[in-house]
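For the single chain, residues carry numbers from 1 onward in sequence order. This structure is a prediction, so every number in the text was calculated from the model and none was measured.
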Amino acid sequence: SPVTTLSSSFSGDPIDGILGLAYPALSNLNANPFFNTAFAQKAVPQNLFGFKLAKTGSELYLGGTDTSLYTGSVEYHPVQTSSGFWKLSGANAVVNSKTPATGFQTIIDSGTTIMYGPPSAVAAFYAAIPGSAKYGNDGMYSFPCKTPPTVGFSWGGKTWTISNAKYVYTFPLRRTLLTSIDLSQL
């Protein structure tokens, strides 16, 4: 059905909208995701899509990938969909070329900017960052601004490095924070 009202939660955001890609287990309508339906109806040529995520000019490419936006090979992994999420197994967290957390499950969710993780993996991740500490009681962690770590994730192939600009939030008091939350706090 068409959207006829705008939630106050989104009224100040410079976004065009949200396109749900979760599976029926999460759907309020118990429906297949838009993209799966588009593929089943042959509205897209391949059961494949790609994102370009950027501060400006982000794109969702349906039915394939835009090869002008990347170099190298695309990495594919089996997705477990029974929970409704795009869930992958066998994730590894990498901190400064070391792998402190291995073999945990991840959910790829293009609808959030927050990284969550299993409590043991999050604790191991931050234990590998010199000077890191829990920040408050909400499962957040901080680390020294002067020495931000190099971090990345791997699912058995390439390590996908995340730049400091993408995961560090700097407070006015010059404390930095990685937006990762211990799920036991939720």
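Rounding to the nearest 0.5 Å places CG of Asp109 at 13.5 Å from NZ of Lys87. If you take CG on Leu69 and OH on Tyr61, they are separated by 9.5 Å, rounding to the nearest 0.5 Å. Atom OH of Tyr126 and atom NZ of Lys134 lie 11.0 Å apart (nearest 0.5 Å). For the atom pair CD1 (Ile108) and NE2 (His77), the distance works out to 9.0 Å, reported to the nearest 0.5 Å. Distance check, rounded to the nearest 0.5 Å: CD of Glu75 to CH2 of Trp160 gives 5.5 Å.
Residues Tyr135 and Tyr141 place their aromatic rings such that the two centres sit no closer than 6.0 Å.
Follow the hydrophobic side-chain contacts under 4.5 Å out from Phe85 and you never reach Phe104; the two are in separate clusters. In this structure, Val79 is not a member of the same hydrophobic cluster as Ile107, with clusters built from ILVMFWY side-chain heavy atoms closer than 4.5 Å.
Here the closest heavy-atom approach between residue Ala93 and residue Phe125 is recorded as CB-CD1, 3.6 Å. Across Lys98 and Pro100, no two heavy atoms sit closer than the pair O-CD, 3.2 Å. The nearest pair of heavy atoms linking Ala91 to Thr106 is CB-CG2, 3.3 Å. Listed here is the closest heavy atom pair of Phe35 and Gly63: CE1-N, 3.7 Å. Among all heavy-atom pairs drawn from Gln80 and Gln105, the shortest one is OE1-NE2, 3.9 Å. Of all non-hydrogen atoms in Val95 and Pro149, the two that sit nearest each other are CG1-CB, 4.1 Å.
Between the side chain of Thr159 and the main chain of Gly152, no donor-acceptor pair closer than 3.5 Å is present. In this structure, the side chain of Thr65 does not engage the main chain of Thr67 through any donor-acceptor pair within 3.5 Å. Trp86 places a side-chain N or O within 3.5 Å of a backbone atom of Leu21 that can act as its donor or acceptor partner. Remark: side-chain polar atoms of Thr37 are paired, donor with acceptor, to backbone N or O of Pro33 under 3.5 angstrom.
In terms of the side-chain contact (heavy atoms from CB on, under 4.5 Å) criterion, Ala25 has no residue partners (sequence neighbours excluded). Residues that satisfy the ring pair (Phe, Tyr, Trp, His ring centres under 6.0 Å) test with Phe51, not counting sequence neighbours, are Phe49.
For the residue pair Trp155 / Ser89, no side-chain donor-acceptor distance below 3.5 Å is found, with atom types taken as modelled.
Looking only at side-chain heavy atoms (C-beta outward), Tyr76 and Leu48 come within less than 4.5 Å of each other. Considering only heavy atoms from C-beta on, Lys52 stays 4.5 Å or farther from Asp66 through its side chain. Between Asn92 and Phe153, every side-chain heavy-atom pair lies at or beyond the 4.5 Å cut-off.
Across Thr150, Ile129, Val151, a single residue satisfies side chain to side chain contact (heavy atoms under 4.5 Å, CB included) together with Asn96, and that is Thr150.
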- Task: Dump the intermediate steps for side chain to side chain contact (heavy atoms under 4.5 Å, CB included) on Asn36 and Tyr23, then the final yes or no.
- Result: CA-CA 9 Å; Asn36 293 50; Tyr23 285 92; 3.5 Å; yes
